[in-house]
Amino acid sequence: MLYHPDKHRDPELKTQAERLFNLVHQAYEVLSDPQTRAIYDIYGRRGLEMEGWEVVERKRTAAEIREEFERLQREREERRLQQRTNPKGTISVGIDATDLFDRYDEEYEDVPGSNFPQIEINKMHISQSIEAPLTSTDTAILSGNLSTQNGNGGGSINLLLPSAVFYATVGPLVIYFAMHRLVIKPYLRAQKERELEKQRESTASDILQKKQEAEAAVRLMQESVRRIIEAEEARMGLIVVNAWYGKFVNDNSRKNEKVKVIDVTVPLQCLVKDSKLILTEASKAGLPGFYDPCVGEEKSLKVLYQFRGVLHQVMSADNEALRIPKQSHRIDADG
């Protein structure tokens, strides 16, 4: 009802409502179909995006759907592993076919089986190598080969590691700890930050879209929130004074890190019903009017609310269930 286009007279709000109403319709299509709902309940959106479902029979139980998903995922992981490991191999075979081209047929006419020339494999060489990416710039290479000739053979296995990894793993213990503290840990920290930045860049357009959808939803909520606040004030009920969602930095050792939060006061107030607010064990980024302000980082929800004229405050982890009001959230007026 909140997003129904007919509920909004303002042309801009009506356009925003139509876009969000289409998303609601898509959700309905997923949840109204038993198979797609079962897939979504188990694996969420990533399950719906998995290739191969189109060949799955419609009549499947949840257990069968889980088994089929795991099979499709294994196939995808195998393809991705092949792309990452870049397997290479060669096989060469030496064949002695002298008897096929150089023989005296008349000498062998009376010898049983002499009508068939003798062809022999006298040597063979097999080599194989795979690559194991350690970082964006370092790759370990494992290779092996096997050779045989005239009944004699041999082989070898080689492991080629980047020098930095090699010395850090097989060097003296003292050097290892020094390297770990002064080089490896800072490197891994920087590598993690680079990966996060890469993730943000790859999802930038999607995040921008989610942000625009959240802002549009907040605008559409204004009238409903006004009515909810009036009703809650009349009964001395639950009023969300301020609410923030994202990454909070309270540790002095991390004071250089940026605080990345968004104001979610209106969306939370819109979810209040009969002086109660109940959030399930799921990421808050999926709630109406929310979006992820810091992809790949730990997030929390901080709420300052008023109940029965008394201020309360609570902070919960992103995937933590939350139920307010609670007596334990009450702020001591004397503190």
Side-chain angles (χ1 to χ4, degrees), residues 1-3 8 13 16-17 20 23 196 200 207-335:
M1 294 295 290
L2 180 65
Y3 300 142
H8 303 277
L13 293 179
Q16 294 170 352
L20 294 174
L23 295 177
L196 282 175
R200 294 189 198 104
I207 294 301
L208 178 59
Q209 180 182 349
K210 296 295 183 185
K211 179 181 180 181
Q212 292 172 346
E213 291 173 358
E215 292 172 346
V218 170
R219 286 192 289 270
L220 295 171
M221 292 174 182
Q222 296 293 341
E223 183 60 28
S224 295
V225 166
R226 184 185 62 79
R227 292 196 297 268
I228 292 172
I229 291 177
E230 288 179 354
E232 292 297 323
E233 286 178 339
R235 63 164 67 118
M236 295 285 287
L238 177 58
I239 305 294
V240 178
V241 179
N242 285 114
W244 302 271
Y245 172 68
K247 177 184 177 181
F248 296 85
V249 179
N250 297 320
D251 189 349
N252 290 332
S253 62
R254 300 165 58 194
K255 60 183 180 181
N256 292 330
E257 295 186 29
K258 294 182 180 179
V259 178
K260 304 171 185 176
V261 297
I262 57 174
D263 189 327
V264 292
T265 306
V266 172
L268 279 188
Q269 186 68 65
C270 195
L271 294 173
V272 172
K273 185 177 181 180
D274 298 329
S275 299
K276 292 185 179 67
L277 175 62
I278 301 173
L279 303 179
T280 59
E281 293 181 357
S283 174
K284 311 300 187 297
L287 292 173
F290 282 63
Y291 69 93
D292 192 339
C294 45
V295 175
E297 300 184 63
E298 292 185 2
K299 290 171 282 290
S300 302
L301 175 64
K302 185 176 182 179
V303 186
L304 178 67
Y305 66 93
Q306 186 172 304
F307 182 67
R308 294 179 181 173
V310 178
L311 282 176
H312 296 65
Q313 182 171 285
V314 61
M315 178 178 284
S316 66
D318 189 22
N319 291 286
E320 182 182 351
L322 178 64
R323 185 185 182 97
I324 60 177
K326 280 188 176 182
Q327 182 72 23
S328 58
H329 299 165
R330 181 167 175 161
I331 298 177
D332 187 355
D334 298 332

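This structure is a prediction, so every number in the text was calculated from the model and none was measured. If you read the sequence from its start, that first residue is 1, and numbering goes on from there.
Annotation: side chain of Tyr245 is not in contact with side chain of Pro267 (no heavy-atom distance under 4.5 Å). At a threshold of 4.5 Å between non-hydrogen side-chain atoms, the residues Leu277 and Val303 do not count as touching. Leu238 is not listed as a side-chain neighbour of Lys276, based on a closest heavy-atom distance of 4.5 Å or more. At least one side-chain heavy atom of Phe290 sits under 4.5 Å from a side-chain heavy atom of Leu268. No side-chain heavy atom of Lys326 sits less than 4.5 Å from a side-chain heavy atom of Val314. Side-chain contact check for Leu279 versus Leu271: some heavy-atom pair is nearer than 4.5 Å. Within the 4.5 Å cutoff, no side-chain heavy atoms of Arg308 are placed close to those of Pro325.
Put simply, the side chain of Lys299 never gets that close to the backbone of Asn319: no donor and acceptor are under 3.5 Å apart. Between the His8 side chain and the Tyr3 main chain, no donor and acceptor come within less than 3.5 Å of each other. Checking side-chain atoms of Glu232 against main-chain N and O of Ser275 turns up a donor-acceptor pair under 3.5 Å. Although no hydrogens or angles enter the test, the distance criterion places no donor-acceptor pair under 3.5 Å between the side chain of Asn242 and the main chain of Thr265. Side chain of Lys284 to main chain of Asp318: a donor-acceptor pair is present (N/O by atom type, distance under 3.5 Å, no hydrogens or angles).
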Inset, instruction - With side-chain contact (heavy atoms from CB on, under 4.5 Å) as the test, would you mind laying out the steps for Gln269 and Ile229 before giving the verdict? - result: CA-CA 8 Å; Gln269 186 68 65; Ile229 291 177; 3.8 Å; yes
Inset, instruction - Could you walk me through whether Leu287 and Val264 pass side-chain contact (heavy atoms from CB on, under 4.5 Å), step by step? - result: CA-CA 10 Å; Leu287 292 173; Val264 292; over 6 Å; no
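Atom CD of Glu213 is separated from atom CG of Leu23 by 5.0 Å, given to the nearest 0.5 angstrom. Here the CD1 atom belonging to Ile262 is positioned 13.5 Å from the NZ atom belonging to Lys260, to the nearest 0.5 angstrom. Taken from CD in Gln212 to CD in Gln16, the straight-line distance is 10.0 Å, to the nearest 0.5 Å. In this structure, CE in Met315 is found 11.5 Å from CG in Leu304, a value given to the nearest 0.5 Å. Rounded to the nearest 0.5 Å, atoms NZ (Lys211) and CG (Leu208) are 7.5 Å apart.
In this view, Arg226 and Glu223, Glu230 satisfy the salt bridge (Lys or Arg N to Asp or Glu O under 4.0 Å) rule, not counting sequence neighbours.
Taking every heavy atom of both residues into account, Val240 and Tyr305 meet most closely at CA-CB, 4.1 Å. Considering every non-hydrogen atom in both Leu13 and Arg219, the closest pair reads CD2-CB, 4.0 Å. The shortest heavy-atom contact between Phe248 and Lys302 is CZ-CB, 3.7 Å. What you find for Gly246 and Pro293 is that their closest heavy atoms are CA-CG, 3.8 Å. The heavy-atom pair separating Gly289 from Met221 by the smallest distance is N-CE, 4.0 Å. The two residues Ser224 and Leu2 have their closest heavy-atom pair at OG-CD1, 3.5 Å.
Note: Phe307 and His312 have perpendicular aromatic rings, judged against thresholds of 30 and 60 degrees for the angle between ring planes.
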